[in-house]
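This report refers to the structure that appears directly beneath it.
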Protein chains: 2
Amino acid sequence: MLEKFLAGRRRGELSDGELAALEASVDAIVEFPARQIIVPHGKRVETCMLLLEGFMTRYMDGADGERQLVALHVPGDFVDLHSFPLRVLDHDVGSMTPVKVARFTHEAIERLIVEFPNLARQMWFSTLLDAAMHREWIFRLGRLGASGRVAHLFAETERRLRMVGLSEGRSFALPLQQSDIASACGITPVHTNRVLRDLRERNVVTFSRGTVRILDLAQLHREAEFDDGYLYPSDR
Amino acid sequence: MLEKFLAGRRRGELSDGELAALEASVDAIVEFPARQIIVPHGKRVETCMLLLEGFMTRYMDGADGERQLVALHVPGDFVDLHSFPLRVLDHDVGSMTPVKVARFTHEAIERLIVEFPNLARQMWFSTLLDAAMHREWIFRLGRLGASGRVAHLFAETERRLRMVGLSEGRSFALPLQQSDIASACGITPVHTNRVLRDLRERNVVTFSRGTVRILDLAQLHREAEFDDGYLYPSDR
DNA sequence: CGACAACTTGAAGAACCTCAACCCTTGTGG
DNA sequence: CCACAAGGGTTGAGGTTCTTCAAGTTGTCG
């Protein structure tokens, strides 16, 4: 049942036994409404969640209330696996859409990694994939202009969704508002709007009512300086 | 021999046996000159390095040759432990000063984590600390202005050096050039110079010839919106 | 002392932000 | 079915921040 969700975050294969043990360890399938804090920062965490449906984000709020997204999570992501070694998160985890997750208690994770060292390795790998994406976001914010940042967000998300079968490479659902894109890219909502118009008018990509339509993938990647190597894709 | 270096990146304690095994696993103590690429991106990596002396960085270069630092490493950091699960790095690792490192082969790491599950956990934790710092850098770049970014870099580095006994809280060695600070903060060297003058003239912090002198720590933290929680400090 | 690299400063312009108004869509109650 | 409210999206004008380019100045090392 979980197998198809794990395609985007694997280093090598999972055995049938490992997969079965993972599925047997699921504490519960849980649903949350959109726009809700799922895991607050600074509080002891006892579970981890594998995202099955919907979009989630991790974010930090600044002193003036301005929000910075630090990650966008798509189905297949082990959203807060970081909380297992860390125990307390330095950031909030929230839902952007209604979401469905498979919840695991930390005790269950503990048992799994003792019994299946390969699963431990896979989980470590998964969290380091998050770290690699963090680094790419640092690069995006530090070295790209506003339109490059938005292009990069689209390019990365398209590539990640394609890994789990949620994009065919031309258009995909990205149920965010312009202000969410602004929060991810370190720019204002107003400027995000202008950037989107610019990308649209130059026939690179359009974003409207939660759908991204890529008109020129090569140009999108060029403007984003995007190379998918950091995602360690298994499907190429 | 390694013990004093590990103070900043521990979750709980290491037993004498674990420490001894770690020390026995050191492949070699290696020195590198300043300003050298130590681990290039995209190439299979077979070893990891624990930084003993000097400063190292991880960075990515953009299409126009502009460099973005994604991490600054201080003594005690397991610099490229990410390469163990990832096998290939998405970024370069380089020395800023002459450095001395303890090198471990991946095979040695493999043996260690099989025999000492607690070491495996510590190593996972260490890489997630890097991820937490990455998130903070994302916040810094996305939500702070130029002087806040520089202040944040100084605040974070001071706190980390204090954890390993290399800062007393008032002044510390940070052997970087203004252009390195620029690379870390996503601003130009020229603007970095103006920001440093501003911080100096407002009696917050000075930076001169590789030394940071903190004049008003509270104000530095305020401007950086700095809270050390994400470093999971064990010394408070 | 001379050469070189790093640092410093000024001036002009580009990128992005702020503020304020308006538009368009969607949902709701009469 | 219409009126209207609310939230998100769009546009314009003007200001701030940061960049770019170019010209010094300072410090270091042979």
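What's counted below: heavy atoms across the whole structure, side chains too, no hydrogens, waters or symmetry copies. Chain letters run A, B, ... following the sequence lines, proteins first, then strands; residues in each count from 1.
The interatomic distance linking Gln178(B) (CD) with dT26(D) (P) rounds to 15 Å, in whole Å. The interatomic distance linking Leu176(B) (CG) with dC7(C) (P) rounds to 10 Å, in whole Å. When the C1' atom of dG9(D) is taken as reference, atom CZ of Phe207(A) falls 11 Å away, rounded to whole Å. If you measure from atom CG of Leu144(B) to atom P of dC18(D), you get 11 Å, rounded to the nearest angstrom. Rounded to whole angstrom, the span from the CG atom of Leu141(B) across to the C1' atom of dT17(D) amounts to 16 Å. Per the geometry, CD1 belonging to Ile181(A) stands 17 Å off C1' belonging to dC16(C), to the nearest Å. At whole-Å resolution of the value, CG in Leu196(A) and P in dG8(D) are 16 Å apart. Going from atom CG of Asp64(B) over to atom C1' of dT19(D) covers 13 Å, rounded to whole Å.
Residue Asn193(A) places no side-chain N or O under 4.0 Å from the OP1 or OP2 atom of dG9(D). The phosphate of dG8(D) (OP1 or OP2) has a side-chain N or O of Gln177(A) nearer than 4.0 angstrom. Here Thr188(A) does not reach the OP1 or OP2 of dC16(C): none of its side-chain N or O atoms lies under 4.0 Å away.
For the residue pair Asp90(B) / His41(B), no side-chain donor-acceptor distance below 3.5 Å is found, with atom types taken as modelled.
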Checklist entry - Between His152(A) and Glu136(A), does a side chain to side chain donor-acceptor pair (under 3.5 Å) hold up when you go through it step by step? => result CA-CA 9 Å; His152(A) 193 283; Glu136(A) 197 72 14; 3.2 Å; yes

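Two rings, from Phe84(B) and Phe104(B), have their centers 6.0 Å or more apart.
Contact annotation for Arg197(B): backbone-only contact, meaning every heavy-atom pair under 4.0 Å involves sugar-phosphate atoms and none involves a base.
Taking only side-chain atoms of Arg194(B), from C-beta outward, the nucleotide of dC17(C), dT9(C), dT10(D) with the closest atom is dT9(C). Nearest to the side-chain atoms of Val190(B) among the listed nucleotides dC7(C), dT9(C), dT10(D) stands dT9(C).
For Arg143(A) against dT19(D), a side-chain-to-base donor-acceptor contact under 3.5 Å is absent.
Summary of the strand contacts: Arg209(A) and His191(A) both lie near DNA chain C, and taking for each the nucleotide with the nearest heavy atom, the more 5' one is attributed to His191(A).
A salt bridge is defined here as a Lys NZ or Arg NE, NH1 or NH2 lying under 4.0 Å from an Asp or Glu carboxylate O, and Glu223(A) with Arg202(A) meets this definition.
Other residues, nucleotides and ligands contribute at most 12 non-hydrogen atoms within 6.0 Å of the CZ atom of Arg213(A).
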